[in-house]
Amino acid sequence: MCRVAGQGRIDMKNLQLIPASSPDPTADQTAPSDFISIRNVTKRFGSVTALEDVSLDIAEGEFFTLLGPSGCGKTTLLRLLAGFEYPSTGEISLSDFDLTRMPPNKRPVNTVFQSYALFPHLDVLTNVAFGLERLGEGRKAAKQRALEMLDMVQLTGFEYRLANELSGGQQQRVALARALAPRPRILLLDEPLSALDLKLRRGMQSELKRLQRATGITFVLVTHDQEEALSMSDRIAVMSDGKLLQVGAPLDIYDAPRNRFVAEFVGEANVLPGRMLGLASPYGAIRPERVIVRQGGAGSCPGRVLSVVFVGSVAEVEIQLNTGQEVKARLVDGWQSLNAGEVVQVEFPHQHARTLEDR
Amino acid sequence: MALAEPFTAKDKVAASAKRRNLIPFLGLPAVAVIVCFMVGPMLIALSFSFLTAGVYGGVDLPFTIEAYRQFLFERNLDDSLSFDNSYLVIYGRTILLAGLTVVISIVIGLPTAWYMATRTPKVRERLVLLVTIPFWTSLLVRTYCWVLILRDQGLANGLLREIGLITEPLPLLYSYGSILFGLVYSFLPFMILPIYAALEKVDFRLIEAAYDLYASRAAIFLKVVLPLAKPGVIAGSMLVFAPSVGSFLAPDLLGGGKKLMIGSLIQMQFTTSRNWSFGAACAMLLMAVVLTVLVFAVRQSKKERHA
């Protein structure tokens with residue numbers, strides 16, 4: 001049992017949060033608190049600032065993704081949630097429990113590591129039962145639960161294999177089963193799919209989503225793959241240089257990027273001076289699939305085709321505008337007759353242009 | 001594989017065919033080394049143990065098992081034999097001391113190796129160097145230094161007297177304790193280095209994973225670190241046990257030769273006692289003991305690997 005002063009306790013066998021009994025039972029409902037709450041967290045390693053004043057709320061049962069390029073601080077934030085590092089300043093809480101400096105073995109949070117980190121000296125079943133046994137679950141009950149978990153990740157029959165006798169995809173499933181077995185309140189996933197090949201990754205994406213729905217556990221995923229983030233998450237936080245740039249649902253992030261970094265990191269974007277897109281702001285963005293290209297004729301925005309690349313469902317056409325900017329268009333049809341060097345007219349439909357903040 | 005590297009692309013096919021014919025003979029140098037330096041001397045010692053001891057040392061014909069008889073039985077004046085356990089006591093004492101040396105080395109070596117393995121690569125390198133530095137000087141010199149430190153007029157007693165803790169010198173030398181101390185001192189690096197080698201390869205994320213899965217510090221050590229260090233502990237135990245059993249420097253210099261150990265016994269037979277065949281027999285019996293322990297240890301580790 002881990003007591004938090006005046007705030008109830010965490011039942012360290014079932015990993016349940018037990019709030020302090022309040023005299024007024026309605027008090028809890030009138031004061032809804034966020035599930036995970038990260039308040040003004042800064043993390044410094046020596047002179048390097050990995051996270052700068054990050055504040056973020058994550059709701060219970062949410063599939064939340066931290067998206068950003070390598071070195072943006074997303075993994076550091078995940079490690080702060082796991083307890084492997086403590087914030088330099090700021091606070092992290094879960095419901096009403098202060099997690100800020102709680103060690104990893106005291107918080108009801110489990111991690112799926114990027115490298116899986118399966119115990120090489122233990123077989124699959126013992127790996128999965130490890131957390132339960134440490135929580136004081138009986139050997140038999142822990143094994144029973146581990147078997148259920150292996151069934152859930154479709155690894156029945158692999159119980160007595162050693163970790164290094166499994167393929168990458170199978171190890172991934174064992175890591176998932178091991179982290180889910182103790183029924184944590186939060187599951188942290190550190191780029192769990194990056195080591196898998198493309199096809200396997202697609203399969204695991206839908207499986208992760210299925211597991212999250214089935215268990216109802218809050219998932220916090222770290223990835224640099226925007227497609228992964230967009231397809232799986234309920235909400236996404238885009239990070240860069242240790243800062244939180246934008247938090248929102250996948251469609252919001254894609255459709256209304258707040259600044260240039262988000263526009264260009266999540267999907268592709270043509271970032272142009274606002275007046276070219278009919279916007280009042282100095283800068284604006286438009287997605288390549290929204291750009292219209294017409295052959296010949298007169299228009300306000302002439303340019304020359306640089307290249308036409310057929311990539312499958314569409315063709316990517318690069319155009320140099322007469323004003324100097326390079327623009328990318330993604331065309332479903334009408335590109336077959338375009339040739340490099342050809343003069344074209346480009347149009348940016350106003351309803352698809354998005355205002356960007358400076359930066 | 002390195003041996004089969006082609007020198008030019010043109011010669012590749014012909015050369016590789018030629019090399020293939022040579023493959024059965026490529027192991028010859030290794031076989032020669034093993035025969036000349038390991039099997040050969042062993043066979044000589046074995047044959048010596050079944051020969052009659054020469055009066056001025058050396059061995060003579062005829063073949064006899066007299067040396068092995070001497071190990072267990074004393075020949076009385078009337079030529080009858082009576083059981084004599086004095087050599088068995090020496091063997092028992094030696095195995096006990098060597099076993100204790102192994103245990104103490106594990107207790108000291110494991111945390112030391114863990115500390116070393118968890119430093120930054122640069123510090124690690126230096127620490128490994130520090131552990132190996134004693135090998136650069138002769139064990140005889142180093143053991144004798146301990147005599148100078150531990151004897152009644154030595155550094156340790158002098159220091160204790162200076163700060164007023166004692167008036168009479170403590171008997172630090174010439175006991176089982178001092179022999180044990182000497183053995184642990186001599187062979188501790190053989191324990192530290194293999195454990196360090198095993199722990200150095202351990203992915204630190206495994207420790208984090210265990211911590212994440214609700215393991216306490218003790219559980220992390222028992223359930224993760226110790227099992228991963230085990231191959232190193234087993235290798236280290238063999239490396240410490242074998243030379244401890246055969247050691248004669250520490251028992252002679254630090255034990256004062258009063259508490260005889262197998263190593264000293266054997267050494268004596270080839271020098272002062274001039275009983276080469278008995279010395280060879282003792283050595284053979286010692287080898288049998290060590291081999292038995294090693295086979296047992298290897299079997300045990302194999303069994304656990306398959307369990």
Side-chain angles (χ1 to χ4, degrees), chain A residues 2 10-15 75 78-79 81-85 102-123 126-137 142 146 160 162-164 174-175 177-184 186-190, chain B residues 106 109-111 113-114 117-124 194-238 297-307:
Chain A
C2 182
I10 299 175
D11 171 359
M12 279 314 283
K13 178 144 189 212
N14 304 305
L15 300 183
T75 297
L78 199 78
R79 290 174 62 81
L81 285 172
F84 300 138
E85 317 274 358
M102 195 183 276
N105 59 348
K106 299 287 184 215
R107 43 178 101 188
V109 178
N110 285 135
T111 309
V112 175
F113 291 82
Q114 185 172 15
S115 58
Y116 315 140
L118 299 177
F119 302 120
H121 57 293
L122 301 176
D123 62 27
T126 324
N127 258 289
V128 177
F130 192 92
L132 290 166
E133 285 190 26
R134 299 287 87 69
L135 287 174
E137 191 82 66
Y160 300 107
L162 287 177
N164 55 18
V174 176
R178 184 179 70 173
L180 283 171
R183 300 183 182 86
I186 308 169
L187 185 76
L188 306 175
L189 302 113
D190 185 8
Chain B
I106 293 174
L110 198 57
W114 173 250
T118 49
R119 295 311 99 183
T120 59
K122 210 173 176 182
V123 177
R124 263 188 250 171
I195 299 179
Y196 167 76
L199 288 178
E200 191 204 28
K201 285 180 291 191
V202 171
D203 183 355
F204 195 76
R205 272 162 296 198
L206 293 177
I207 314 292
E208 282 188 345
Y211 205 17
D212 186 59
L213 290 162
Y214 313 106
S216 60
R217 273 163 196 281
I220 291 172
F221 180 76
L222 291 175
K223 300 283 176 185
V224 181
V225 176
L226 201 57
L228 294 173
K230 213 168 107 187
V233 173
I234 290 173
S237 300
M238 291 180 187
V298 169
R299 279 238 181 102
Q300 195 65 26
S301 70
K302 258 192 200 155
K303 213 188 284 167
E304 271 169 36
R305 211 172 301 150
H306 290 298

Asks: Side chain, backbone, both or neither: which part of A:F113 has an atom under 4.5 Å from a heavy atom of chain B?
Replies: side chain

Asks: Heavy-atom distance under 4.5 Å to chain A: side chain of B:A215, backbone, both or neither?
Replies: both

Asks: So if I apply the side-chain contact (heavy atoms from CB on, under 4.5 Å) rule between A:P120 and each of B:V202, B:V224, B:L228, which one comes out positive?
Replies: B:L228

Asks: Look at A:P108, A:P103, A:P104 and state which one has the largest set of heavy-atom pairs under 4.5 Å with chain B.
Replies: A:P104

Asks: Hey, can you dump all donor-acceptor pairs under 3.5 Å between chain B and chain A, distances included?
Replies:
{"from": "B:E208", "atom 1": "OE1", "to": "A:R79", "atom 2": "NH1", "distance (Å)": "3.0"}
{"from": "B:E208", "atom 1": "OE2", "to": "A:R79", "atom 2": "NH1", "distance (Å)": "3.3"}
{"from": "B:E208", "atom 1": "OE2", "to": "A:R79", "atom 2": "NH2", "distance (Å)": "2.5"}
{"from": "B:Y211", "atom 1": "O", "to": "A:N105", "atom 2": "N", "distance (Å)": "3.3"}
{"from": "B:D212", "atom 1": "O", "to": "A:N110", "atom 2": "ND2", "distance (Å)": "3.1"}
{"from": "B:D212", "atom 1": "OD1", "to": "A:T111", "atom 2": "OG1", "distance (Å)": "3.2"}
{"from": "B:D212", "atom 1": "OD2", "to": "A:T111", "atom 2": "N", "distance (Å)": "2.6"}
{"from": "B:D212", "atom 1": "OD2", "to": "A:T111", "atom 2": "OG1", "distance (Å)": "3.3"}
{"from": "B:Y214", "atom 1": "OH", "to": "A:N110", "atom 2": "OD1", "distance (Å)": "3.3"}
{"from": "B:Y214", "atom 1": "OH", "to": "A:N110", "atom 2": "ND2", "distance (Å)": "3.4"}
{"from": "B:A215", "atom 1": "O", "to": "A:N105", "atom 2": "ND2", "distance (Å)": "3.1"}
{"from": "B:K223", "atom 1": "O", "to": "A:H121", "atom 2": "NE2", "distance (Å)": "2.7"}

Asks: Could you report the tightest heavy-atom contact between B:A209 and A:A117, atom names first, then the distance?
Replies: CB-O, 3.9 Å

Asks: Please state whether the side chain, the backbone, both or neither of A:L118 comes within less than 4.5 Å of a heavy atom of chain B.
Replies: backbone

